[in-house]
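Written below as structure tokens is the structure these notes are about.
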Amino acid sequence: VENNGIQADTIGNNTSTISTKYGVDAFRCETSDGKRIDEATELEQNALVGICLEPLLNSTSSVKISNYDMNFTQGGKFVFAAAEFGASAPKKASALSQVTSFDAGTLAESEGTTAVSGVIRHKVVSRLITALFNGEDTQFNVVGNAFLVFKTAVTDQSRNLRQLDDYVEGSAEDSPFSLPVEIKKTASGTSDEEMKSSLVISVVGAALAVTVGFVLYKKLA
């Protein structure tokens, strides 16, 4: 998984300089409850894939994801759009996708410390289309941009200027994310070109059979 972060502005004073990095964690998750999958398996054509997004663990107390888009690419080329930016929240970009969000803390018992209470986990479930299995590639990439906003919080005089600035609602940045997903081709996952080739062979074979049968019939006659 590649987690590309954004660098917050650094503010210095007479005693210290504070720099904070925010970013997005993209990972495979269960299509049903959104539980993190640590050892993801290869996926076959028409299978469902679950992709979840959260702020990086070190920034969950400061920022949240307010919007994002999500695309499937292969060989550097766009193949499928799973989610897209909405007016105020992400929305599905296809009838083959579903977009939901929930408090990750509800999975604390089954998932452990990676499920943090109060952190909103965004889940996209999408079916893997045939186009992802047409070439020779054994994986595709889930890519997109997430829009991060700072959370509001009660502050006191002990907080420094950087922390105060971090907690101002409405401040935001884009954070790109990328996640490779392994796929497995099967006999049922035949590409369009292979299907066309087999159809041509079948037609030619049938034509030859008819020709041979006609010649034999002529000889017997």
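What you see is a predicted model, and the numbers here were worked out from it, not measured in a lab.
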For a 4.5 angstrom cut-off between non-hydrogen side-chain atoms, does [X] reach [Y]?
X	Y	value
N71	V79	no
K64	L148	no
K151	V63	no
S126	F80	yes
N67	S88	no
K91	E84	yes
V99	K123	no
F147	I65	no

Show the numbers, then the answer: is there a side-chain contact (heavy atoms from CB on, under 4.5 Å) between L43 and K184? CA-CA 6 Å; L43 295 172; K184 180 181 179 181; over 6 Å; no
Does [Y] offer a backbone N or O that forms a donor-acceptor pair with the side chain of [X] under 3.5 Å?
X	Y	value
R127	A47	no
D103	G118	yes
N141	V143	no
D69	A83	no

Distance from [X] atom [atom1] to [Y] atom [atom2], nearest 0.5 Å?
X	Y	atom1	atom2	answer
E42	E182	CD	CD	6.0 Å
T138	Q74	OG1	CD	9.0 Å
I37	E39	CD1	CD	11.0 Å
L128	L96	CG	CG	10.0 Å
D33	T106	CG	OG1	8.0 Å
D38	C29	CG	SG	12.0 Å

Go through it in stages, so that I can follow the logic: the residues are I183 and E44, the test is side-chain contact (heavy atoms from CB on, under 4.5 Å), and I'd like the CA-CA distance, side-chain angles, deciding distance and then a yes or no. CA-CA 6 Å; I183 58 176; E44 298 181 359; over 6 Å; no
Does L107 share a hydrophobic cluster with F27, counting links as ILVMFWY side-chain heavy atoms below 4.5 Å and allowing steps through other members? no
V181 with F177, same ILVMFWY side-chain cluster at under 4.5 Å: yes
Under 3.5 Å side-chain donor-acceptor pair for E54 and T60: no
Shortest non-hydrogen separation from [X] to [Y] and the atoms involved:
X	Y	result
A104	A115	O-CB, 3.2 Å
L179	A26	CD1-O, 3.8 Å
A81	S97	O-OG, 4.4 Å

Are D25 and R36 close enough for a salt bridge, meaning some N to O gap below 4.0 Å? yes
According to the interplanar angle, ranging from 0 to 90°, do the rings of H122 and Y68 count as parallel (below 30°), tilted (30 to 60°) or perpendicular (above 60°)? perpendicular
Students often mix this up, so state it plainly: with edges at 30° and 60°, are the rings of F150 and Y22 parallel, tilted or perpendicular? perpendicular
Give the C-alpha distance, both sets of side-chain angles, the deciding distance and a yes or no for salt bridge (charged side-chain N to carboxylate O under 4.0 Å, His left out) between K35 and E111. CA-CA 7 Å; K35 179 181 177 182; E111 185 177 314; over 6 Å; no
If you link ILVMFWY side chains whenever their heavy atoms are less than 4.5 Å apart, which other residues fall into the same cluster as L48? By chain and number, please. V125
Yes or no on side-chain contact (heavy atoms from CB on, under 4.5 Å) for L132 and F72, after CA distance, side-chain angles and deciding distance? CA-CA 9 Å; L132 293 169; F72 297 169; 4.2 Å; yes
So is R121 actually on top of F102's ring, under 6.0 Å and inside 45° of the axis? no
Would you sort out whether L53 and M70 count as a side-chain contact (heavy atoms from CB on, under 4.5 Å), showing the intermediate values? CA-CA 10 Å; L53 303 176; M70 184 180 294; 4.0 Å; yes
Which residues share a side chain to side chain contact (heavy atoms under 4.5 Å, CB included) with L57, sequence neighbours left out: V116
